[in-house]
Amino acid sequence: MLSLPTKIARRYREQLPYVVWVLALLSMAGSLAMSEVFKLTPCVLCWYQRILMYPLVVIVGVGIMRRQRDWVYYALPLVVAGTVVAGYHSLLQWGIIPEAAAPCSAVASCALEQINWLGFVTIPFMSFLSFLAIAVVSVAYIRVKD
């Protein structure tokens, strides 16, 4: 007997790449808005997260246009690395990892919380959630057979 998430993923398998693409596109747009519109200076770890997120828009987009199913194998290494960097950055901002372990620059401190909603939602945590959501949908896409 199939679990409910498996049934849902199987039914909507063809739409899963579009979900990943939209998540990556919204994440890219959000990070650009924070730096270009709201004038928040990205730190070193934020740049690493951008470097790992931005290509996903192109990789998944090309995979969708070419109707290829192997885009996910090119995207997942970036997603896993991005999840790790964003998780590390979140722990750093929450004070769980000491600030001395941050690869900070004089311009923007990696430990500085430029946004803090509800006491725990920071920019790197939003990035972490984006990478995690992309990872979950991508793995569902791989696991569900035609």
Side-chain angles (χ1 to χ4, degrees), residues 2-97 102-105 107-146:
L2 295 174
S3 66
L4 182 60
T6 304
K7 287 180 183 177
I8 292 170
R10 179 171 286 164
R11 181 172 182 175
Y12 297 106
R13 185 176 200 277
E14 296 306 316
Q15 285 76 32
L16 294 180
Y18 295 98
V19 172
V20 171
W21 185 76
V22 167
L23 286 169
L25 185 66
L26 290 174
S27 298
M28 184 180 78
S31 75
L32 286 172
M34 287 187 191
S35 62
E36 301 302 319
V37 177
F38 301 113
K39 304 297 182 196
L40 301 176
T41 304
C43 69
V44 172
L45 291 175
C46 289
W47 277 112
Y48 292 155
Q49 292 166 63
R50 286 176 175 206
I51 288 166
L52 294 166
M53 180 64 75
Y54 290 11
L56 294 176
V57 176
V58 176
I59 291 169
V60 178
V62 169
I64 290 170
M65 285 191 313
R66 296 192 59 162
R67 300 198 191 297
Q68 294 179 329
R69 296 176 185 256
D70 59 350
W71 62 265
V72 72
Y73 300 105
Y74 301 108
L76 271 178
L78 296 173
V79 172
V80 170
T83 304
V84 169
V85 172
Y88 174 81
H89 196 181
S90 294
L91 294 174
L92 181 68
Q93 285 194 346
W94 293 334
I96 296 170
I97 295 175
C104 297
S105 67
V107 177
S109 171
C110 294
L112 175 68
E113 293 180 356
Q114 295 178 327
I115 289 177
N116 188 332
W117 297 326
L118 304 173
F120 70 96
V121 179
T122 60
I123 295 171
F125 186 62
M126 288 186 275
S127 174
F128 175 78
L129 292 176
S130 293
F131 278 116
L132 189 62
I134 291 170
V136 167
V137 175
S138 296
V139 169
Y141 181 75
I142 291 171
R143 292 185 52 102
V144 176
K145 306 293 183 223
D146 289 330

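- For the side-chain contact (heavy atoms from CB on, under 4.5 Å) with Y141, the lone residue among V72, V136, L76 that qualifies is V72.
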**side-chain contact (heavy atoms from CB on, under 4.5 Å) evaluation trace for I142 with Y73** = CA-CA 9 Å; I142 291 171; Y73 300 105; 3.8 Å; yes

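- The CH2 atom of W21 sits 13.0 Å away from atom CH2 of W71, with the distance rounded to the nearest 0.5 Å.
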**Request:** Please report the C-alpha distance between L91 and F128 in whole Å, then the side-chain angles of each, then the deciding distance to 0.1 Å, and finally whether the side-chain contact (heavy atoms from CB on, under 4.5 Å) criterion is met.
**Result:** CA-CA 11 Å; L91 294 174; F128 175 78; over 6 Å; no

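- Residue Q49 forms a side chain to side chain donor-acceptor pair (under 3.5 Å) with just one option from S31, S130, S127, and that option is S127.
- Of all non-hydrogen atoms in S90 and P124, the two that sit nearest each other are OG-C, 3.3 Å.
- K39 approaches E36 most closely through the heavy-atom pair NZ-O, 3.1 Å.
- Residue I134 is tested with V139, T83, L129, V79 for a side-chain contact (heavy atoms from CB on, under 4.5 Å); the sole match is V79.
- Atoms CG and CZ, on L40 and F38 in that order, are 8.0 Å from each other to the nearest 0.5 Å.
- Between L132 atom CG and F125 atom CZ the span is 9.0 Å, to the nearest 0.5 Å.
- Taking each heavy atom of V20 and V60 in turn, the nearest pair found is CG1-CG2, 3.8 Å.
- L25 CG to L56 CG: the interatomic distance, rounded to the nearest 0.5 Å, is 11.5 Å.
- The closest side-chain heavy-atom distance from W94 to T122 is below 4.5 Å.
- Taking CD1 of I64 as the start and CZ of R69 as the end, the distance is 12.5 Å to the nearest 0.5 Å.
- For the atom pair NE2 (H89) and CD1 (I123), the distance works out to 8.5 Å, reported to the nearest 0.5 Å.
- A pairwise comparison of heavy atoms in V144 and R13 identifies O-NE, 2.6 Å as the closest pair.
- Closest heavy-atom contact between A81 and L52: C-CD1, 3.6 Å.
- Taking a 6.0 Å sphere around OH of Y74, one finds it holds 12 or fewer heavy atoms contributed by other residues, nucleotides or ligands.
- The nearest pair of heavy atoms linking M28 to M53 is N-CG, 4.5 Å.
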